[in-house]
Structures are given as structure tokens and as C-alpha cells.
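Within every chain, numbering begins at 1; the chains are lettered A, B, ... in the order of the sequence lines, protein sequences first and strands thereafter.
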Amino acid sequence: MSATLGRALAPGADFGSGPPTGRTVCIEHTSANPTGPFHIGRVRNGIIGDTLARVLRAAGETVTTQYYVDDVGRQAAMITWIWSKPVEAWPPPIRAADPGATGPRLDGPRPDLDLGRPYPAVSAYLKEHPEAAEEVAELSRRLEAGDLPARHREFAEAILRGMLATLGRIGIRFDEFVWESSFLADGSVERVVQRLRAAPHATVLENGALAIDASGYGLPKEAPQIVVTRGDGTSLYVTRDVAYHLAKLGRFERVVDVLGQDHGLHARTLEALLTEVGAPKRPEFLIYQDITVPEGGRMSTRKGSAVYLDDLLDEAVVRARAEVAKRRSDVDLAELERIARGVANGAVRYHILRVAPEKAVAFRWEDALAFEGRSGPFVQYAHARAASILRKGERPDGPYEFRSADLSDPSSLALVRSLSLFPRTVAYAARTGHVHAVAGYAHALADEFNRFYERVPVLQEGPERESRIALVGATRTTLRRVLELLGVEPLESM
RNA sequence: GGGCGUGUAGCCUAGUCUGGAUAGGGCUCCGGGUUCCUAACCCGGCGGUCGGGGGUUCGAAUCCCCCCACGCCCGCCA
């Protein structure tokens, strides 16, 4: 007991953190194409990736997060294709999707909405209009040749800016952005192609396309070959991804990619190509399953089944505001708003994190907005209770002193036991990538504290008072730490 | 057809890597709890063929084999 409490209460120490490993690790996550706002399906990637980064940092790793921006593919080409035309010249079906558009609006509060709005219509239109599709294909070829149209990068950056603002609402930020075009510009894609040409299983197809015979890599039988350049010599996405990964593998000791299950085959293809070019090591993949709609199927912007993160967060704030207003007549509007946002964001982040990544999640509003039970607000509430006791005990930040003998009742012992589990939980999550274990631990600790709270009158005058305050101090610190790992705001009151 | 993933009470979920005793939680539902540190809480109750069948083992949700269901992927797209 003394050891656990001592570590949890040590001033300045990060209870639960491991010593620095000296190891550098790159976590690539999210990497959504800049084509429009995030829906909740896409953002599972970011929430898992961001949390993994926090957990690995706590475990002592030196973490760099990267967002890989695809600015040279067909999707990027579609955005530039449509916005390079005067709006009056847009095909009517696309025009109909964004009737208010007058031209590319880059300086609005939501450039991802402004520029991404016509995207689904463009996508649909191209399927039925080969001549337009050919224009986009031609543009795509230009992009890949390094011939970027005047405002191309501007469009991509604007949409990305809007998307990142949304992610920022739930605490997701990136250390670095890596643009796919940079690997074409610096010649590294070309070097990859050269190496693959000389690789053990290289073959040239009838039309001149370069491929790798993948039969030895255990890939599906129907995909015996990995094509790395088209007949016209241009590279494919996976080829450019090899260049990106060689750069990452050369710079970081560990490389982790957070990928949706639909990219599972891509991951194995990438591994095969990295082996072919003689890469010294390989990336680790953290694969998560989709968030589906209750009726089944993935979220789709075009089908109208997508739930946007911003809308979810807005609704969460509305509901949280009502909850806070119900019980806090003592706070002003600004404070009420601050608490509501913290609760709302905590609920949404926790809802995604509570489930193992390999489980598919059927999105339901009432689940995502739950503030009770196994939820973010449940843990936040326990933290707020602890903080409140410490304020009233006039020991918000210590110093804390305890005698083990004062904490020999079952509730205190159980709480200490729960606290002692924190370091190994962090270590486990870091080792396995099972960040949901941290969410589970957070709930278990909050649960144990709530029981303690119910049974032990901490501030009651008596010989145990100081020790009990110390135990609450240790719990508050640990709850704060675990909430930070989850990216959920540790509210001082709610 | 092949590959990958998932299947645990009405619903959601932990545990499966590393086999161990009555399979933990949450939601819903029912019944309690507030002169006392925030009731977004606590206590009790209802509810389980751990997808099915074989096998290994003293012992299987967990390991092996077969099958079933669901999801995703199997482009010179990304």
C-alpha cells in the first residue's frame, strides 16, 4: 500500500508512466483523404491512434504522430477538377449538390464543408460520364508527374484545415503532416520502382506494367501479383506507400499504422513489397473494424447514412448542457458551457474507446451520448468528486500524508488495490495496443472510488482524516492521468 | 471460391495471446438508499447452452479440428 500511494502522491512524478525507453516510434493515424468533413466512422481511426500515442508516451516511448495526406490520387484530383471550373460551368447534378456555391471558399470557418460539399455528387457523376472521368484521370496523371495545378495544394490544405478543426474538438492533434506528393517530388518513388524492378520476384506484364509475384507472401490466391507501376509507367498508391514507409522505417525505431479493416490486404501487400526491397524492418499494423449504421453497412456520405463528428459533438453538448443546468445553478453560463463541452467530448471519445478495436460498432445515438454507467462522464464525475473533496479539505494539491493503519477498512483497501493496477494497465496497453483496456481500467477505478466515497466520510474529523485525504489525492491524480491518456478532459467540477 | 476479422443474458461489452475454482461490467426492467464530502452516484434483484459439433486436458469462453452466421477485402482505385 505504501508503495502504491507513495508513487501516486510523489510530487511531480507521473504515476503509471514508465521510464523513458529511448525508443522512437511513429504512429500514423487518420490519414483521411482531404475531401470533406469527418464522419464518425472515419474518426475511430483518429481516436484510437491519438490514444495509442498518449499511452505509448506514458510508457516511455518517444512518439511522433503523422497524418499522411494523399494529395495526388484520384480523390484529390476530383476536388481540384470541380473547383477549377467556374461554378456556372458545373454539370447540373453537381451544381444541385451545392446550389449556393459561387467559387472555392477557402477562408470560411468550415472549408471542409464548403469545398467538400460537391464531392459525393462529383463521385457519382464520374461513374456515368466517362469523358469527365477521363479529365479527372488526366489530372491525376498530371499530379503524379509533379505538375500540380495552381490552386491544387490550396484546396487540399483548406479542406484539411477544416477537418483538423473538428478533430481538435476532441483533442486530436498531429505532430507532422506528410504529403504524398513529396515522395514523387524528391524522387524516392522512382527509386522504389528501380529497386522493385531488380527485386527477386519482379515481373513485367504484357503492357509493360511492373509487378511483383506475390505467391510466396500468402496473399489471396486471386491476387497473385502486386502491380507497382501501370503500363504507362506511373506509380500506384501502394508503391508510393512503400516510399513513405521506407522513410519512416529509416527514421523511427518502431512504426505503427492505424488502419481500418478494409485496408488489411493493403497492409499485407505493403509488407510484401517492403520485403522485396529489402527493408530492414516492417511496420506494425493496428487494425480496427468499421463503425456501421444500425441497419447494417458502413457509413456513407452518398447514401446519407453518415453521422458527422461535428453533429454528434453538437448534439452531445446540447444534452450535456441540459444535464449540467439541471444540477448546477451555481455556475455562470461560461462555466456551464465549459463543463458541457468537456462532458460531451468525454462521452464521445470514451464511447469509441471502450470497445476493442477489432469489434465492429453499430452506431447508435443513445449509446454515443450516454453519460451514465460505463461512460466518460462516469469517470469524469468520480474525478470531480475527488477534486471537490480535496478543495473542501483545503488540500487541492497536497501535501498529502498517510498512515497505512488509517486505511485498513475494506473500501480503502480495495481502492488502493485498484490504484496499484494503473502502471501495469498502461504497460499492457502499450505492449498490445489494446487501448480499450485503459478505458476499462478508468471505469473500474472510478467505480471503486464511488464505492469508497459512499462508505468512507473522508472529511469527517477523526484520526484517519489526513490519511483519507491523501488517498483521495492519490485517486484524483490517477483519475486525472488516466483521463488524460484517454483524451477525456478531467473536469474539476461538473 | 480464397484471405482477414467477429460471434459471450433483451441490448452493449470484458476476459481468449499466457487454460484454473460461483464467466466480470454497463444499459433496460423491478425493489431500496440523500438531516452527511456533488444521487451523472450507491445497494439488492431478474437475466448466460460463452454461435454449433467433435477433440486435447485433472480442468476449456480460452488450445486443436470441422461447420454455421455476420462484416470487410480479393482494381494497372485510394
Side-chain angles (χ1 to χ4, degrees), chain A residues 31-33 35 70 72-77 137 140 180 205-211 218-241 260-269 287-290 292 296-298 320 323-324 326-328 330 343 346-347 351 354-362 364 366-367 370-382 384-393 431-432 434 436-437 439-441 443-444 446-447 449-460 465 468-469 472 491 493-494:
Chain A
S31 300
N33 289 326
T35 56
D70 177 7
V72 301
R74 187 180 142 85
Q75 300 192 317
S140 190
E180 191 171 346
L205 306 181
E206 290 161 5
N207 65 351
L210 175 65
L219 266 42
K221 291 185 182 117
E222 286 74 12
Q225 293 172 326
I226 306 165
V227 177
V228 294
T229 68
R230 300 187 182 88
D232 65 7
T234 57
S235 67
L236 277 79
Y237 172 72
V238 69
T239 316
R240 288 171 240 136
D241 215 14
Q261 67 155 338
D262 54 332
H263 284 63
L265 181 58
H266 173 258
R268 290 192 297 146
T269 305
I287 307 277
Y288 65 92
Q289 302 291 308
D290 290 308
T292 60
R298 282 192 287 179
E323 291 298 317
V324 180
K326 217 157 53 184
R327 48 200 111 196
R328 296 298 299 277
D330 59 313
V343 168
H351 176 248
R354 60 193 286 260
V355 185
E358 60 268 22
K359 290 252 204 188
V361 172
R364 269 180 283 271
E366 61 271 30
D367 293 345
F371 297 157
E372 297 171 352
R374 200 167 173 339
S375 72
F378 178 95
V379 184
Q380 289 172 306
Y381 185 65
R385 275 180 149 180
S388 173
I389 290 178
L390 296 174
R391 276 195 304 274
K392 293 207 164 142
R431 179 171 60 82
T432 60
H434 288 175
H436 65 287
Y441 172 77
H443 177 262
D447 196 37
F449 177 70
N450 280 332
R451 253 192 295 278
F452 166 86
Y453 181 94
E454 198 74 19
R455 292 166 173 68
V456 180
V458 177
L459 296 179
Q460 192 178 77
R465 183 177 144 113
R468 287 174 173 170
I469 288 175
V472 173
L491 296 165
S493 88
M494 59 187 275

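- The pairing partner recorded for B:C37 is none, the criterion being a Watson-Crick or G-U wobble arrangement whose two distances lie under 3.5 angstrom.
- Base-pair partner of B:U6: B:A69 (Watson-Crick or G-U wobble, both distances under 3.5 Å).
- Checking B:U6, B:C37, B:C76 against the side-chain heavy atoms of A:Leu459 singles out B:C37 as nearest.
- For a distance-only test at 3.5 Å, the side chain of A:Arg431 qualifies as a donor-acceptor partner of the base of B:U18.
- On the C1' atoms, B:G45 is 47 Å away from B:G3, given to the nearest whole Å.
- Closest to the side chain of A:Arg451, from the set B:C72, B:C11, B:C43, is B:C43.
- Between A:His436 and B:G15 there is a side-chain polar atom (N or O) within less than 4.0 angstrom of OP1 or OP2.
- The pairing partner recorded for B:A60 is none, the criterion being a Watson-Crick or G-U wobble arrangement whose two distances lie under 3.5 angstrom.
- The CD atom of A:Glu454 sits 14 Å away from the C1' atom of B:G44 (whole-angstrom rounding).
- Atom P of nucleotide B:U6 and atom CG of A:Asp290 are separated by 14 Å, given to the nearest angstrom.
- Side-chain contact annotation: A:Ser493 with A:Arg328, donor-acceptor N/O pair under 3.5 Å present.
- Under 4.0 angstrom from either OP1 or OP2 of B:G7 there lies at least one side-chain N or O belonging to A:Lys359.
- Using a 4.0 Å heavy-atom cutoff across all strands shown, A:Ser493 reaches at least one base atom of the nucleic acid.
- Side-chain contact between A:His436 and A:Val355 is absent, with no heavy atoms from C-beta onward closer than 4.5 Å.
- The distance between atom NE2 of A:His434 and atom P of B:U18, rounded to the nearest whole Å, is 13 Å.
- In this structure, of B:C73, B:U6, B:A39, it is B:A39 that holds the atom nearest to the side chain of A:Tyr453.
- With a 3.5 Å ceiling on both atom-pair distances, B:G75 lacks any Watson-Crick or G-U wobble partner.
- Between A:Asp232 and A:Thr234, the side chains place a donor N or O and an acceptor N or O closer than 3.5 Å (distance only, hydrogens not considered).
- A:Ala356 comes within 4.0 angstrom of sugar-phosphate atoms only, judged by non-hydrogen atoms across all strands, and of no base.
- At B:C37, none of the side-chain N or O atoms of A:Arg455 fall inside 4.0 Å of OP1 or OP2 (strictly under the cut-off).
- Across all strands shown, A:Asn207 has heavy atoms under 4.0 Å from base atoms, whether or not it also approaches the sugar-phosphate.
- When heavy atoms are screened at a 4.0 angstrom cut-off, A:Ala384 is found touching base atoms of the nucleic acid.
- Residue side chain A:Gln261 reaches the base of B:G71 through a donor-acceptor N/O pair under 3.5 Å, judged by distance alone.
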Query raised in the report: Given the rule in the salt bridge (charged side-chain N to carboxylate O under 4.0 Å, His left out) test, do A:Glu323 and A:Lys326 qualify, once you have shown the distances and angles that lead to the verdict?
Result: CA-CA 5 Å; A:Glu323 291 298 317; A:Lys326 217 157 53 184; 3.1 Å; yes
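- Taken residue by residue, residues 228-238 of chain A places heavy atoms nearer than 4.0 Å to RNA chain B at A:Arg230, A:Gly231, A:Leu236, A:Tyr237.
- A:Val343 comes within 4.0 angstrom of a nucleotide base, judged by non-hydrogen atoms across all strands.
- Nucleic acid contact class of A:Asn450 (heavy atoms, under 4.0 Å, all strands): sugar-phosphate only.
- The distance between atom CD of A:Glu372 and atom C1' of B:A39, rounded to the nearest whole Å, is 10 Å.
- Nucleotide B:G71 holds its C1' atom 16 Å from the NE2 atom of A:His263, rounded to whole Å.
- If you take atom C1' in B:A23 and the same atom in B:G15, they sit 8 Å apart, rounded to whole Å.
- A:Arg385 has a side-chain polar atom (N or O) that falls below the 4.0 Å cut-off from OP1 or OP2 of B:A39.
- Among the heavy atoms of the strands, none lies under 4.0 Å from A:Arg391.
- In this model, the phosphate group of B:G3 is not approached by any side-chain N or O of A:Arg268 to a distance below 4.0 Å at OP1 or OP2.
- Going from atom CD of A:Gln75 over to atom OG1 of A:Thr35 covers 5.5 Å, rounded to the nearest 0.5 Å.
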Query raised in the report: Would A:Val472 and A:Tyr453 count as a side chain to side chain contact (heavy atoms under 4.5 Å, CB included) if you check the C-alpha gap in whole Å, the side-chain angles of each, and the deciding distance to 0.1 Å?
Result: CA-CA 9 Å; A:Val472 173; A:Tyr453 181 94; over 6 Å; no
